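Structure record follows, encoded as structure tokens.
What's counted below: heavy atoms across the whole structure, side chains too, no hydrogens, waters or symmetry copies. Please read these numbers as outputs of a predicted model, since none were measured by experiment.
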Amino acid sequence: NYLSPLRYWLMKQSGIQCVVSIQNGLRTEDFISNGAYYNETDVYEVFGGAQRTLLERLGCKAGRWIPKGSISLLSKVPELKITDSGPIVLIGHDFSYDVGPYNGRDYNIILRHLRRFSTEHKQVVSYKARSGSSEELRNYDENLRSDWTRLDLKTDAYQAVAGAKVCVNYLSSLGTEALGLGKRVLTCNFYGDDLATEKQDGFGVVLTTEYQEFERKLLALLSGASPEIDAYFERLRAQRMPMDPGVFEELAGICLSARPDGLTQAAGGAR
């Protein structure tokens, strides 16, 4: 985070052979990033080709791009139990402050939509808390809590998503990572942003705060087998979270080749 062209230049001037950047959170075009989009780096491992396109358009420069998925998720995959028999999982947010146009007021609309949906359609909803702060818990109690909802403060976030029937997302890299696990994800894209989905209408996106659209889209994702829906999410996965485990070997090779004397360089002398 916050790598700038000046910091990159200073690193290179100090003798560092190769600067590798690894994406650790979703980048969008719609909120302030404190200059994060103007990064310069030798190698940038990003979630997918869609993120590379966005970052290049916003001024980021990399000598080499590696769009192969989320490294933190890839490292967890072997221990995850992936199933679609669990509840609808709402990915939690703690909006102690607004993030650009994203805010707790709009997010609570999603919570209320899910409370209504779960009650009317008798569907269990699990709220995967982000931090468990008093503000987050208060929003859950006031806007989502019902006989059909569950508050999840303990499950590993990746495991919660891995066991979900469908994921509902507002502004979280976990929503995009869920695509990498083969999940159907409904993203509430109220601001026409580039998130887990494109800006235009589709199976996995709600573009307004109206309940009727939310209900219609979520029912479709819960409907079971659909070649058309599956093809839609496979395309999103290929573009935004391809999940290639070969990324570890590729990054290791880049780092090793950058060492001044190759594999014989003593650890204490490497820069």
field: Considering all heavy atoms, the nearest Ile88-Gln123 contact
entry: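 That would be CD1-CB, 4.0 Å.
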query: With ILVMFWY side chains joined below 4.5 Å, transitively, what does Val124's cluster contain besides itself?
result: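 Once heavy-atom contacts under 4.5 Å are chained together, Val124 belongs with Trp148.
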State which residues pass side-chain contact (heavy atoms from CB on, under 4.5 Å) with [X]; sequence neighbours excluded, sorted by chain then number.
X	value
Leu153	Ala129, Leu137, Leu151
Ser126	Pro87, Val89, Asp152
Ser75	Phe248
Glu120	Arg116, Tyr211, Glu215

What pairs with [X] under salt bridge (charged side-chain N to carboxylate O under 4.0 Å, His left out), at least two apart in sequence or on another chain?
X	value
Arg112	none
Lys217	Asp201, Glu213
Glu250	Arg64, Lys68
Glu135	Arg138

message: If we ignore hydrogens and angles and just use 3.5 Å, is the side chain of Gln23 paired with the main-chain N or O of Gly25 as donor and acceptor?
response: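 Flag set: sc Gln23 to bb Gly25 pair under 3.5 Å.
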message: Test: side chain to side chain donor-acceptor pair (under 3.5 Å). Region: residues 221-230. Which pairs qualify, not counting sequence neighbours?
response: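 Applying side chain to side chain donor-acceptor pair (under 3.5 Å) to every pair that reaches into residues 221-230, excluding sequence neighbours, yields Arg184-Asp230.
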- prompt: Is Leu218 close to Phe117 at the side-chain level, that is, under 4.5 Å between some pair of heavy atoms?
  reply: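 They are in contact (side-chain heavy atoms under 4.5 Å apart), so the answer is yes.
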Beyond-backbone contact of Met243 with Leu73, side-chain heavy atoms, under 4.5 angstrom: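 Yes, at least one pair of side-chain atoms sits under 4.5 Å.
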task: Mind checking ring pair (Phe, Tyr, Trp, His ring centres under 6.0 Å) for Tyr158 and listing every partner two or more places apart, or none if nothing turns up?
output: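 Not a single residue meets the ring pair (Phe, Tyr, Trp, His ring centres under 6.0 Å) criterion with Tyr158.
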- request: Please list, chain by chain and in numerical order, all residues satisfying ring pair (Phe, Tyr, Trp, His ring centres under 6.0 Å) with Tyr107, sequence neighbours excluded.
  value: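 With sequence neighbours excluded, Tyr107 shows a ring pair (Phe, Tyr, Trp, His ring centres under 6.0 Å) to His93, Phe95, Tyr170, given in chain and number order.
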- request: Measure up the Tyr191 and Tyr102 rings against each other and bin them: parallel (under 30°), tilted (30 to 60°), perpendicular (over 60°).
  value: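 If you compare the ring of Tyr191 with that of Tyr102, the planes turn out perpendicular.
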